[in-house]
Amino acid sequence: MTEGTTHFRDHASRSAGSLAGHVLVVGEALIDIVGTGNSTHGTKAIPGGSPANVAVGLARLGVPTELVTRFGTDRYGHQLGAHLSGNGVQLAPGSVDPGFRTSTATAVLDRDGVASYEFDIRWEPPGLTMNRGCSAIHTGSIAAVLEPGADAIRTFLGEVADHPVTVTLDPNARPTITPDSDTTWSAIRGLAALSDLVKLSDEDCAFLRAGSSPDEVAAELLAADRTRCVVITRGGDGAIGLTRTARVEVNAPDITVIDTVGAGDSFMSALIAGLHARGLLGGARLDGLDDVVLRDVLDYAVKAAAITCTRHGADPPTATEHTNTWG
């Protein structure tokens, strides 16, 4: 099968229903090399990559999840593989490539625990396919803009446009990877037009559409025929959710922040999980997402992100942890 060719796969070897209603995540998995600018304790190698973090977050919240990615069989690759499989993420065929060098991102934390990154990454996904029973496809971050993989994703989303599947996108803009904001915004607009839900941070908005308010950015994206919801996160100020007929805001709980690594990814996975639990994915494509439901899923997502901020690294909560923390 060639890259960019879409067809359905049935895996008889998998237990019946093991991926029923599952979410397919497409994007980079890498190792975060984390340290602080004034630390004397060295660095740690931690599994990461925004799409991989979202996949882990979904699996921990009880959503069957398959990840299409690419990493090697080097030391970092073995660490990634163990992390993903240990958290219940199903790796798509071709995701582990002995001839591929595992990508890294060096994260430096400031005094407030906010991370900045320098990347050593190559993104070339294996052939993109979709299993029967897939309810949603999620992509974003570096994978959505870094060639040659970004082109494969655009082709894939175009080919599944008529299938009963919900598409979610989190651009998670990285100026060090794509410094030209206008070119990056153009690419993201193209992917957003193929997506039902788009999530951005306020930092994404400031980089991609300097001078525009979050509501103005959302209005641009909601002008596309397919896009039905835009969510904008605002760190400690919570999140905004907008559709063509509703606008809701939720506050973030008061917490003591350890660091913000992976918080946006935890938010994204919990957002998808909340929609999944309400039967709004698949062919429904968010039909029934009124202001009450939107507020509920945003609140769930904000609280998942808050838990992640109270511990080191991209460590999303399980469903039990979420319930035990927030009720």
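Values in this document were obtained by computation on a predicted structure and should not be read as measured data. Here, residue 1 is the first one in the sequence, and each next residue gets the next number.
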Side-chain donor or acceptor of [X] paired with backbone N/O of [Y] under 3.5 Å:
{"X": "Thr227", "Y": "Ser195", "value": "yes"}
{"X": "Thr260", "Y": "Ala263", "value": "no"}
{"X": "Gln79", "Y": "Ala45", "value": "yes"}
{"X": "Ser103", "Y": "Leu30", "value": "no"}
{"X": "Trp123", "Y": "Ala143", "value": "yes"}
{"X": "Thr102", "Y": "Gly72", "value": "yes"}
{"X": "Asp259", "Y": "Gly313", "value": "yes"}

Please answer: with hydrophobic residues joined when any side-chain heavy atoms are less than 4.5 Å apart, are [X] and [Y] in the same cluster?
{"X": "Ile177", "Y": "Ile188", "result": "yes"}
{"X": "Leu222", "Y": "Val198", "result": "yes"}
{"X": "Leu61", "Y": "Val54", "result": "no"}

Salt bridge or not for Arg209 and Glu220, using N-O below 4.0 Å?
->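 Yes, charged N to carboxylate O under 4.0 Å.
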Sidechain N-carboxylate O distance under 4.0 Å for Asp170, Lys199 |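 Here Asp170 pairs with Lys199 in a salt bridge, since their nearest N and O are under 4.0 Å apart.
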Check salt bridge (charged side-chain N to carboxylate O under 4.0 Å, His left out) between Asp265 and all other residues, then give those that pass, not counting sequence neighbours.
->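 Applying salt bridge (charged side-chain N to carboxylate O under 4.0 Å, His left out) to Asp265 gives none.
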Heavy-atom side-chain proximity of [X] to [Y] below 4.5 angstrom:
{"X": "Phe156", "Y": "Pro125", "answer": "no"}
{"X": "Leu221", "Y": "Leu200", "answer": "yes"}
{"X": "Ile232", "Y": "Cys205", "answer": "yes"}
{"X": "Ile272", "Y": "Val23", "answer": "yes"}
{"X": "Leu197", "Y": "Thr166", "answer": "no"}
{"X": "Leu194", "Y": "Val167", "answer": "no"}
{"X": "Ile33", "Y": "Tyr76", "answer": "yes"}
{"X": "Phe71", "Y": "Ile31", "answer": "no"}

Go through the steps for Thr65 and Val25 under the test side-chain contact (heavy atoms from CB on, under 4.5 Å), then give the verdict.
-> CA-CA 7 Å; Thr65 305; Val25 180; 4.0 Å; yes
Show me, pair by pair, the donor-acceptor contacts under 3.5 angstrom made by side chains of residues 278-290, not counting sequence neighbours?
unit_1: Arg278; atom_1: NH1; unit_2: Gly274; atom_2: O; d: 2.9
unit_1: Arg285; atom_1: NE; unit_2: Val165; atom_2: O; d: 3.2
unit_1: Arg285; atom_1: NH2; unit_2: Ala161; atom_2: O; d: 2.7
unit_1: Arg285; atom_1: NH2; unit_2: His163; atom_2: O; d: 2.6
unit_1: Asp290; atom_1: OD1; unit_2: Val292; atom_2: N; d: 3.2
unit_1: Asp290; atom_1: OD1; unit_2: Val293; atom_2: N; d: 2.9

Under the rule for side-chain contact (heavy atoms from CB on, under 4.5 Å), what residues qualify as partners of [X], not counting sequence neighbours?
{"X": "Arg101", "value": "Asp74, Asp120"}
{"X": "Ala219", "value": "none"}
{"X": "Leu191", "value": "Ala144, Ile153, Arg154, Leu157, Leu169"}
{"X": "Asn87", "value": "Val56, Arg60, His83"}

With sequence neighbours excluded, tell me which residues meet side-chain hydrogen bond (donor to acceptor under 3.5 Å, both in side chains) with [X].
{"X": "Glu118", "result": "none"}
{"X": "Arg75", "result": "none"}
{"X": "Ser266", "result": "Thr308"}

What pairs meet the side chain to side chain donor-acceptor pair (under 3.5 Å) rule with one or both residues in residues 171-183, with sequence neighbours excluded?
->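 Those involving residues 171-183 are Ser50-Asn172, Thr178-Thr184, Asp180-Thr183.
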Neighbour count >12 (heavy atoms, 6.0 Å) for atom CD, Glu203 =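 No, because the 6.0 Å sphere around CD of Glu203 holds 12 heavy atoms or fewer from other groups.
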Check ring-ring contact (aromatic ring centres under 6.0 Å, His included) between Phe119 and all other residues, then give those that pass, not counting sequence neighbours.
->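 ring-ring contact (aromatic ring centres under 6.0 Å, His included) list for Phe119, sorted by chain: Tyr117.
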Counterpart residues, ring-ring contact (aromatic ring centres under 6.0 Å, His included), relative to Tyr300 (two or more places apart) =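 Tyr300 satisfies ring-ring contact (aromatic ring centres under 6.0 Å, His included) with His322 only.
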Exercise: identify the closest heavy-atom pair between Arg311 and Pro316 =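 Distance-wise, the nearest heavy atoms are NH2-O, 3.2 Å.
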Could you go step by step and tell me if Arg295 and Asp291 meet the salt bridge (charged side-chain N to carboxylate O under 4.0 Å, His left out) rule?
-> CA-CA 6 Å; Arg295 186 180 302 278; Asp291 57 341; 5.9 Å; no
